[in-house]
Amino acid sequence: AVMMGGLGRDPELSSSEEDLESLTHKGICTDKSVQERLCSIWNRLHFLPAQQIDMAVKYSSEDFSGHLNTALDAWEQACAAIEKREEVLVELQSFEEAASDPARFFARGHLGSSVARLEEAKQRDKLHQALDQRGQEVSQIIRKIFSQYGDQVSYNGRFYQEKMSYDRTEMLYWLQQERRKEVLKPAIRTLHIELPPI
């Protein structure tokens, strides 16, 4: 192990690195370059520890020895496509935080005008179209991985194809709940009421 900073202690390992180190000791997934690629995939897709171990065991088996790099290429393509879609989703959330606020209808000047509403509609359509396009790219890669390797691509422990069906609606719902909580704050302070967590 490499000593860091002259402190005489080993660097702390991430959970994925610990899992790989354990598998290496068992003779599973011993190729360093493969380990690095797997770690990157797991971190980018926020794999759960059990998923990491299952994937390392599967892709280190003899059945995959001939096309391991091709399989990892496909997974890395999935990572890149999902990251691009998640970036658009974050952008849409930031937009909706302001654009779905009812208070804007009562604002003075340009913000409260019909022109502003048209601009919002155009920007919203643009973001939804971008999200749809990114989603199609992700779906194509996910289908390829499933058909060729029998794997379901997940993100944060959730199948990503399923996530894409709901995450827009879920995002808008939670924004609405957050806004509701903000509206109720004065009454909560006055009546000393605690709302359940959302």
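Given the structure is predicted, the values throughout are model-derived calculations rather than measurements.
In this structure a side-chain-to-backbone donor-acceptor pair under 3.5 Å is missing from Ser40 to Glu36. Looking at Gln136, its side chain never comes within 3.5 Å of a backbone N or O of Gln133 through a donor-acceptor pair. A distance-only check finds no donor-acceptor pair linking the side chain of Ser60 to the backbone of Val57 [under 3.5 Å].
Look at Arg134 and Glu137 and you find a salt bridge, because one of the NZ, NE, NH1 or NH2 atoms lies within 4.0 Å of a carboxylate O, short of that distance. A salt bridge is defined here as a Lys NZ or Arg NE, NH1 or NH2 lying under 4.0 Å from an Asp or Glu carboxylate O, and Arg44 with Glu86 fails to meet this definition. No salt bridge links Asp63 with Lys58; every basic N to acidic carboxylate O contact stays at or beyond 4.0 Å. A salt bridge between Asp132 and Arg85 is absent, with no side-chain N of the basic residue lying under 4.0 Å from a carboxylate O of the acidic one. Salt-bridge annotation for Arg124 and Glu96: present, with a side-chain N of the basic residue lying under 4.0 Å from a carboxylate O of the acidic one.
A 4.5 Å side-chain heavy-atom check between Ile145 and Gln152 finds every atom pair outside the cut-off. Val153 places none of its side-chain heavy atoms less than 4.5 Å from the side chain of Phe159. In this structure, Gln93 and Glu97 have side chains that are in contact, with non-hydrogen atoms separated by less than 4.5 Å. Residues Phe47 and Ser154 form a side-chain contact, since some pair of their non-hydrogen atoms from C-beta on lies under 4.5 Å apart. Under the 4.5 Å side-chain criterion, counting only non-hydrogen atoms from C-beta, Trp75 is not in contact with Arg37. For the pair Lys126 and Phe95, the minimum side-chain heavy-atom distance is 4.5 Å or more. You'll find the side chain of Met164 reaches within 4.5 Å of the side chain of Gln161, heavy atoms only. In this structure, the side chains of Leu45 and Cys79 come closer than 4.5 Å at one or more pairs of heavy atoms.
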Asp151 vs Lys144, test: salt bridge (charged side-chain N to carboxylate O under 4.0 Å, His left out). Steps then yes/no. CA-CA 9 Å; Asp151 289 326; Lys144 174 183 175 182; over 6 Å; no

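Val88 and Ala130 make their closest contact through CG1-CB, 4.0 Å (heavy atoms, listed as atom of the first residue, atom of the second, distance). Scanning both residues, Leu89 and Lys163, for their nearest heavy atoms gives CD2-NZ, 3.8 Å.
To the nearest 0.5 Å, the span separating CG on Leu92 from CZ on Arg168 amounts to 7.5 Å. Taking CG of Leu38 as the reference point, atom OG of Ser33 lies at 9.5 Å (rounded to 0.5 Å). The line from NE2 of His128 to CD of Gln123 is 10.5 Å long, rounded to the nearest 0.5 Å. Distance check, rounded to the nearest 0.5 Å: CZ of Arg143 to CZ of Phe146 gives 12.0 Å.
Heavy-atom contacts from other residues, nucleotides or ligands closer than 6.0 Å to CD of Gln140 number 12 or fewer.
Between the side chains of Asp167 and Tyr155, no donor-acceptor pair is found at a separation under 3.5 Å.
Taking hydrophobic clusters as Ile, Leu, Val, Met, Phe, Trp and Tyr residues chained together by side-chain heavy-atom distances below 4.5 Å, Leu68 shares a cluster with Trp42. When hydrophobic clusters are built by joining Ile, Leu, Val, Met, Phe, Trp and Tyr residues whose side-chain heavy atoms come closer than 4.5 Å, directly or via intermediates, Leu172 is grouped together with Leu127. Cluster annotation: Tyr59 and Ile41 are assigned to the same hydrophobic cluster (Ile/Leu/Val/Met/Phe/Trp/Tyr, side-chain heavy-atom contacts under 4.5 Å, transitive). The hydrophobic cluster containing Ile82 also contains Met55, counting ILVMFWY residues as joined when their side-chain heavy atoms lie under 4.5 angstrom apart, directly or transitively.
In this pair, Tyr149 and Phe64 present their aromatic rings tilted. The plane angle is within the 30 to 60° band.
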